[in-house]
Novice: 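Questions regarding the structure given below will be posed in turn.
What's counted below: heavy atoms across the whole structure, side chains too, no hydrogens, waters or symmetry copies. Note that ligands are numbered from 1 as they come in the structure, with each ligand's atoms numbered from 1 the same way.
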Amino acid sequence: MNRHRQWDIFCKVIDNFGDIGVCWRLSTDLAARGEQVRLWIDDASALSWMAPAGAVGVEVLPWSKSIDSTTVVARLAKQPGDVLVEAFGCDIPREFLALWVVQPAQSQSARCWLNLEYLSAESYVERCHAMPSLVSHGPAAGWTKWFFYPGFTPQTGGLLREPGLLQRMTSFQLENEQLRDPTRLRVSLFCYEPSALAALLAEWSRHGLAGQPVELLVTAGRTAHAVKAVLNQWKSDSETLHITWLPWLSQAEFDRMLWDCDLNFVRGEDSVLRALWAGKPWVWSIYPQDDGAHLPKLEAFLQQLNVPNSLKAFHRAWNTDGEKLVAPSAADLADWRHHATAARTALLEQEDMTSRLLQFVVKNR
Ligand code: TRH
């Protein structure tokens, strides 16, 4: 019998949208491959704009402080769970675990519990990927929890990439090519509050980018606030900088925006991946951590993707105090373009994360 599995994915929103963004992409990718997904989430509010239409095969369920046992009992009775995913070490509630481990076993099912980690290009990822951990206490004592690390090499869990992505992107780009104004460079901006933002906007408003005017698409939320804070201090009208303020976009619209730009400024772990798949030059704002742990992570990423020196330097300035930020020349931008296509081609040769995950849960019960 070839039964599709029932997944229970637990997600806690810490801040921003990376946790929910990744969990939603994983859930929909699994569902599109015929799996059943229950996504338990403590704050689903961002899904109202990120995924207003929902997705067939994905049921979003509330995870309040202590999980509602009636809902859990009802769901597990209707369809026992095969795979349990703890996204980013979010700690599955005891009440849920107690019920999950004693639910009736299904024949030929692949019951597996795994902790999905954050994406990183650092070397520990290959070492730690697929490590088992024996649970020593609590309702699931005796069970094994597996660590699943997404990553950039065949020895890791891979990168999320739903089937058919490249074909959809290519036909979108072909259809939209003629609609573009070739005299302007279209740039998307999704960032935190980089110190260099004011200098970059000032540069574009005086000279444009690589000799061309910039059409800047500013995403909603923190990015728009950061840009407005800069513009409050000086006159924004300029021949070489035209700003469009975007509303909150669904993930599908967000992706299409990346496909349609000449340069994408992205942030966090989900959008950087989407920018990589878009195959256009990108600049990454890494999620800043108080202890500075993000800086080696950034270096590992730049190293792994073998980015050109001018792009390395730009990243270092964009992610620190911005003092050394040098606006890219037309030649730099051409280099970045070439690199973005080559990096994508190389990564496309590897199997995507969901395919690896599906094989993993069969092997590791
Ligand atoms: O929002 P982020 O900065 O998320 C962060 C990081 O992932 C960080 O590593 C993590 O620890 C922290 O969250 C908790 O950036 P990220 O990861 O790119 O997630 C943004 C998501 O929001 C992504 O799925 C794209 C989506 N998005 C839309 O769908 N529409 C929009 O209009 C915008 C602006 C974003």
Novice: Which residue and atom name correspond to the protein heavy atom nearest atom 26 (C) of ligand 1, and how close is it?
Specialist: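 Nearest protein contact, heavy atoms only, for atom 26 (C) of ligand 1 is Met50 CE, 3.8 Å.
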Novice: Between Asp15 and ligand 1, find which residue part has any heavy-atom pair under 4.0 Å and reply side chain, backbone, both or neither.
Specialist: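 It is both backbone and side chain that touch ligand 1.
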Novice: Report, in ascending order of atom number, the atoms of ligand 1 lying under 4.0 Å from any heavy atom of Tyr118.
Specialist: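 Listed by number with element: 11 (O).
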Novice: Taking only heavy atoms of Arg267 into account, list the atoms of ligand 1 that are under 4.0 Å away from them.
Specialist: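 Counting from 1, the qualifying ligand atoms are 1 (O), 2 (P), 3 (O), 15 (O), 16 (P), 18 (O).
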Novice: Would you mind checking if Asp42 and Lys12 are paired as a salt bridge, meaning a charged N to carboxylate O distance below 4.0 Å?
Specialist: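 Not counted as a salt bridge, because no side-chain N and carboxylate O are separated by less than 4.0 Å.
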Novice: Can you establish whether the number of heavy atoms outside Lys324 located under 6.0 Å from its atom NZ is more than 12?
Specialist: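 For Lys324, atom NZ is not crowded (no more than 12 foreign heavy atoms under 6.0 Å).
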Novice: Starting from atom 32 (O) of ligand 1, which protein heavy atom do you reach first, and at what distance in Å?
Specialist: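 So the nearest neighbour among protein heavy atoms is Leu249 N, 2.9 Å.
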Novice: Could you say whether the N/O atoms of Tyr287 and ligand 1 ever approach to under 3.5 Å?
Specialist: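 The answer is no, given that Tyr287 and ligand 1 share no N or O pair closer than 3.5 Å.
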Novice: So which of Trp24, Tyr287, Trp248 actually passes ring pair (Phe, Tyr, Trp, His ring centres under 6.0 Å) with Phe17?
Specialist: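 With Phe17 as partner, ring pair (Phe, Tyr, Trp, His ring centres under 6.0 Å) holds for just one option, Trp248.
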Novice: Does CD in Glu239 sit with more than 12 non-hydrogen atoms of other residues, nucleotides or ligands closer than 6.0 Å?
Specialist: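 Result for CD/Glu239: open.
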Novice: Give a yes or no on this: more than 12 heavy atoms of other residues, nucleotides or ligands lie within 6.0 Å of atom CZ of Arg94.
Specialist: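 Open: at most 12 neighbouring heavy atoms sit under 6.0 Å from CZ of Arg94.
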Novice: What protein heavy atom sits nearest atom 9 (O) of ligand 1, and how far off is it?
Specialist: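 In this structure, atom 9 (O) of ligand 1 has Glu269 OE2, 3.0 Å as its nearest protein heavy atom.
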Novice: Determine whether the side chains of Tyr118 and Asp19 contain a donor N or O and an acceptor N or O closer than 3.5 Å.
Specialist: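 Asp19 and Tyr118 do have a side-chain donor-acceptor pair below 3.5 Å.
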Novice: Counting heavy atoms only, which of Trp24, Phe190, Phe17, Trp49 comes nearest to atom 28 (C) of ligand 1?
Specialist: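 Closest candidate by heavy-atom distance is Trp49.
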Novice: With only distance considered, is Asp270 within less than 3.5 Å of ligand 1 through an N or O on each side?
Specialist: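 Asp270 vs ligand 1: N/O contact under 3.5 Å present.
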Novice: In terms of residue, atom name and distance, what is the protein heavy atom nearest to atom 4 (O) of ligand 1?
Specialist: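 Answer for atom 4 (O) of ligand 1: Gly18 N, 2.8 Å.
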Novice: Find all atoms of ligand 1 within a distance of less than 4.0 Å from any non-hydrogen atom belonging to Asp19, and give their numbers and elements.
Specialist: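 With Asp19 as reference, the close atoms of ligand 1 come out as 14 (C).
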Novice: Closest non-hydrogen protein atom to atom 33 (C) of ligand 1, residue and atom name please, with distance?
Specialist: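 Checked against all protein heavy atoms, atom 33 (C) of ligand 1 sits closest to Phe254 CD1, 3.7 Å.
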Novice: Going by the angle between their ring planes, with limits at 30° and 60°, are Trp40 and Phe10 parallel, tilted or perpendicular?
Specialist: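 Plane angle under 30°, so parallel.
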Novice: Any N or O on Ile14 sitting closer than 3.5 Å to an N or O of ligand 1?
Specialist: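 No, there is no polar N/O contact under 3.5 Å.
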Novice: Which protein non-hydrogen atom lies closest to atom 6 (C) of ligand 1, naming both residue and atom, and how far is it?
Specialist: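 Nearest protein contact, heavy atoms only, for atom 6 (C) of ligand 1 is Gly268 CA, 3.6 Å.
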Novice: Using non-hydrogen atoms of the residue, decide whether Ser250 is closer than 4.0 angstrom to ligand 1.
Specialist: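 Distance cut 4.0 Å: Ser250 passes for ligand 1.
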Novice: For ligand 1, which atoms sit closer than 4.0 Å to a heavy atom of Gly21?
Specialist: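 Going through ligand 1 atom by atom, the ones under 4.0 Å from Gly21 are 24 (O).
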Novice: Knowing that exactly one of Leu160, Leu357, Leu273, Leu116 qualifies, which makes a side-chain contact (heavy atoms from CB on, under 4.5 Å) with Pro150?
Specialist: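 Checked Leu160, Leu357, Leu273, Leu116 against Pro150; only one passes side-chain contact (heavy atoms from CB on, under 4.5 Å): Leu116.
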Novice: Please write down residue, atom name and distance for the protein heavy atom closest to atom 3 (O) of ligand 1.
Specialist: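 Looking at atom 3 (O) of ligand 1, the protein heavy atom closest to it is Tyr192 OH, 2.5 Å.
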Novice: Any atoms of ligand 1 less than 4.0 Å from a non-hydrogen atom of Thr219? List them with their elements.
Specialist: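 Selected atoms, number and element: 34 (C).
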Novice: Does atom CD of Glu253 have more than 12 heavy-atom neighbours from other groups under 6.0 Å away?
Specialist: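 Enclosed.
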Novice: Considering residues at least two apart in sequence or located in another chain, which fulfil the ring pair (Phe, Tyr, Trp, His ring centres under 6.0 Å) criterion with Trp245?
Specialist: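 Not a single residue meets the ring pair (Phe, Tyr, Trp, His ring centres under 6.0 Å) criterion with Trp245.
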Novice: Check the surroundings of atom CG in Asp290: do more than 12 heavy atoms from other residues, nucleotides or ligands lie under 6.0 Å from it?
Specialist: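 Counting other residues, nucleotides and ligands, CG of Asp290 stays at 12 neighbours or fewer.
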